[in-house]
Protein chains: 4
Amino acid sequence: MPASRNEQSRRAILDAAISMIGELGYDHISIEAIARQAGVGKQTIYRWWPSKGAVILEAATESLSAVVALPDTGDFVADIRTQLAAILELITTTGFGPAYRCLIAAGQSDPDLLRALFDRIIAPNIEDFRARTARAQQRGEMRADADWQTMRDLLYGVVEYRLIHAMPLEPEYLDGVLEIVFQGVR
Amino acid sequence: MPASRNEQSRRAILDAAISMIGELGYDHISIEAIARQAGVGKQTIYRWWPSKGAVILEAATESLSAVVALPDTGDFVADIRTQLAAILELITTTGFGPAYRCLIAAGQSDPDLLRALFDRIIAPNIEDFRARTARAQQRGEMRADADWQTMRDLLYGVVEYRLIHAMPLEPEYLDGVLEIVFQGVR
Amino acid sequence: MPASRNEQSRRAILDAAISMIGELGYDHISIEAIARQAGVGKQTIYRWWPSKGAVILEAATESLSAVVALPDTGDFVADIRTQLAAILELITTTGFGPAYRCLIAAGQSDPDLLRALFDRIIAPNIEDFRARTARAQQRGEMRADADWQTMRDLLYGVVEYRLIHAMPLEPEYLDGVLEIVFQGVR
Amino acid sequence: MPASRNEQSRRAILDAAISMIGELGYDHISIEAIARQAGVGKQTIYRWWPSKGAVILEAATESLSAVVALPDTGDFVADIRTQLAAILELITTTGFGPAYRCLIAAGQSDPDLLRALFDRIIAPNIEDFRARTARAQQRGEMRADADWQTMRDLLYGVVEYRLIHAMPLEPEYLDGVLEIVFQGVR
DNA sequence: ATATAAACGAGACGGTACGTCCCGTCTTGTT
DNA sequence: AACAAGACGGGACGTACCGTCTCGTTTATAT
């Protein structure tokens, strides 16, 4: 058997990718530049990731894991507000915002990456939202016939929409969004 | 002795850009390829547009003009439904969908283009929505304190969200969206 | 019509190639290094030459032209001695020696280059030798049935042989060679 | 306690090297490819040979041993003709020709290999030729002052010359060569 | 017969160069 | 002056190998 994967190189590559996205735009970074900055051979990137986008996806996913893990306090709307606020925080204060924008950009000409982005970030969010909804309905917080899928699209879609178009994303903005989306189901 | 701008070349370039976007993804097309397919020198593109994205923006804007012009029938929600349905139609049956996705992608690493996209496509939509809202409020169709800006974000943001993530965009989907967004203001 | 070929770049490339061969061995030089040293884009080399070897062949051919032009003095053996001595001089004092060794090396895995080497360097030499032989035979200096083709092979082959194997190549060595080869035909 | 060298691996490597040289040119084969084809780890090659050329030299030397062993029949020129004919046979019918061309090519940028090639193939031939010459001179077949070193250069150099330049190498060609070289010494 | 250390297959690693594509600028001659 | 054609210096692509470096896993003595 061969020497197995070198964890130090993996970290150096992900760190280099994140740090470069923060400074430069998506297509101003190159695999060559990531390799150079990480002190790594190009092949070591190509060996483990199919594309530049896949590297960034892996880096981005790591930052996101904390947010998904937020607990269920018994107040559905408040929990969603907390989660959305955490996402806004992540977007505006860490490298996650630029990284996510890169993924969106790269995904538009790389179906595999777009699918991976969905599977790794959106699908878990859908599942999380579904489970929270079910519990809220059991508790009687929400009408049983509420169209939770569309509600989720609206809530997370509008955040992505404003991120992508570089429109302001302040926590207060969430108030209006939540009021409109949850008006009919309380 | 001064030749002025050659309209035939302009059309050939826009047509080539649109047709290539339909077939290939965004960054699989190049200015060289557009020039080649249009039978045009590269310089002729660089002379009139600052970037590949600007060419596509000009092509995309042309397709969009028809939709904005939809009349005000006196039923606000119905009018918005009509407009959104027209946008869905445009996205799914013409080259507008792929072109718009390209613009989003290109904009993530080209702030000038992102701004141009906002000014030429989103800002007019905001203005149109504002005017329609005002008239609806005057007619008593909508509460005077409705947060129309957030409502617009939700409506058009969710369409863009599903477009970008290659999720289905069928007309019936609009029903749920409209019901949620307009629940509180009727 | 396009801008035509840039003579300055051509010279810079050939000069860089020759100077690098002098310092380093054949496969220690790369097209990238030639381009770098010549201050030229790689594509400018690939545009005009099919391979590294072809660049060197062109450079080598230039140095050689002077030697072929030696006059016919009326003494065949003396003329050939003069020519061979000039070749030895070229090999030992200019970059021609290393360049020719490179071409031999490259030709062993590039039939096109080997053929080009033959056409541009060996074939002219054969023709030159044939013509000189014919004149010498007319003058009665040489027997009419002399096997001039084999004689030429022996004369120039042995020089190449000693060059290739890095054996000494002093002018006096030619005496013995000429004595053996021309013994029977005087 | 130490495991000693694995003869099976050695054979597999040499066989793979020879078979690949037959099919592809010198620098189209790589150590990786030899290792792959031989079913051997790369390190096993690096452990025992300093370079790709050294592997080929070892392989080539094996094929050559039979030729050197040809006996001394008492007719010097005939013996040399026999030996040269055997070399031609070896070159044209076995993998020795391509292998030797590789060695020449590799040697042009690897002085160590060039030296090894000389020591293992050329030097023994010089010694063999010297001994045969001495015996022929004792027998009165050849003049005592014959310049045997240059004669040898001419005889074997011309064969290598035609091999390297991919010129025909038929047995009849030897007649002309031998006649010229041995004309003055009989 | 057993332990033990070198040799082995496999292949990951930091690199260099490959030959190609495209960038944005430029030059040339044509319309 | 605008145009088509395309050469130019340059940068990045994704691939192939380089020679070095672990990894376990044979395997042939030296006990």
Side-chain angles (χ1 to χ4, degrees), chain A residues 1-10 12 27-36 38-48 50-52, chain B residues 1-10 12 27-36 38-48 50-52, chain C residues 1-10 12 27-36 38-48 50-52, chain D residues 1-10 12 27-36 38-48 50-52:
Chain A
M1 277 104 224
S4 57
R5 183 166 187 181
N6 183 334
E7 178 59 20
Q8 282 181 308
S9 296
R10 181 178 162 276
D27 59 33
H28 307 109
I29 71 170
S30 60
I31 290 198
E32 297 221 346
I34 294 173
R36 211 178 303 133
V40 141
K42 263 201 292 183
Q43 202 62 48
T44 301
I45 299 181
Y46 285 110
R47 192 165 11 241
W48 301 110
S51 66
K52 183 169 49 163
Chain B
M1 74 210 76
S4 59
R5 183 167 186 182
N6 184 334
E7 178 60 20
Q8 280 181 308
S9 296
R10 181 177 163 277
D27 59 32
H28 307 109
I29 70 170
S30 61
I31 290 197
E32 296 219 346
I34 293 173
R36 211 179 305 132
V40 139
K42 271 201 290 181
Q43 201 60 256
T44 303
I45 298 180
Y46 285 110
R47 189 158 23 235
W48 302 109
S51 68
K52 183 169 53 163
Chain C
M1 276 107 228
S4 55
R5 183 166 185 182
N6 184 335
E7 178 58 21
Q8 282 181 308
S9 297
R10 181 177 162 276
D27 60 32
H28 307 109
I29 71 171
S30 60
I31 289 198
E32 297 221 346
I34 294 173
R36 211 179 303 132
V40 141
K42 263 201 292 183
Q43 201 62 46
T44 301
I45 299 180
Y46 284 110
R47 191 163 14 241
W48 301 110
S51 67
K52 184 169 49 163
Chain D
M1 73 207 83
S4 59
R5 183 166 186 183
N6 182 335
E7 177 59 19
Q8 280 182 309
S9 296
R10 180 177 162 278
D27 59 33
H28 306 110
I29 70 170
S30 60
I31 290 197
E32 298 220 345
I34 293 173
R36 211 179 304 132
V40 140
K42 271 201 292 181
Q43 201 60 255
T44 302
I45 298 179
Y46 284 111
R47 186 155 26 231
W48 302 109
S51 68
K52 182 169 52 162

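Letters A, B, ... are given to chains in the order of the sequence lines, protein chains preceding strands, and every chain is numbered from 1. What's counted below: heavy atoms across the whole structure, side chains too, no hydrogens, waters or symmetry copies.
Phosphate contact (OP1/OP2 of F/dA2, side-chain N/O of B/R47, threshold under 4.0 Å): absent. In this structure, B/S9 reaches the F/dA4 phosphate: one of its side-chain N or O atoms is under 4.0 Å from OP1 or OP2. Put simply, C/T44 has a side-chain N or O that comes within less than 4.0 Å of OP1 or OP2 on F/dG9. For C/W48, no side-chain nitrogen or oxygen approaches OP1 or OP2 of F/dG6 to under 4.0 Å.
A cation-pi arrangement is absent between A/R10 and A/W48 under the rule of less than 6.0 angstrom and at most 45 degrees off the ring axis.
The environment of CD in B/E7 is crowded: more than 12 heavy-atom neighbours from other residues, nucleotides or ligands sit within 6.0 Å.
Note that CD1 of C/I31 and CZ of C/R36 are 12.0 Å apart. Values are rounded to the nearest 0.5 Å. Atoms NZ and CD1, from D/K52 and D/I29 in turn, are 5.5 Å apart once rounded to the nearest 0.5 Å.
One can place CD of D/E7 at 14 Å from C1' of E/dA7, the figure rounded to the nearest angstrom. Across the protein-nucleic acid pair, D/D27 atom CG and F/dA16 atom P stand 16 Å apart, rounded to whole Å. The distance between atom CD of C/Q8 and atom P of F/dA7, rounded to the nearest whole Å, is 17 Å. Rounded to whole Å, the distance from CG on A/N6 to P on E/dG15 is 13 Å. Going from atom CD1 of D/I34 over to atom C1' of F/dC17 covers 12 Å, rounded to whole Å.
Looking at residues two or more places apart in sequence or on another chain, you find a side chain to side chain donor-acceptor pair (under 3.5 Å) between C/K42 and C/E32. Shown here are the side-chain contact (heavy atoms from CB on, under 4.5 Å) partners of C/A12, two or more places apart in sequence or in another chain: C/A38.
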- Task: Go along nucleotides 16-21 of chain E 5' to 3' and tag each nucleotide: B for a protein heavy atom under 4.0 Å from its base, S when only backbone or sugar atoms are that close, - otherwise.
- Result: -SBBBB
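Heavy-atom nearest nucleotides on DNA chain E were determined for D/V40 and for A/G39, and the one closer to the 5' end corresponds to D/V40.
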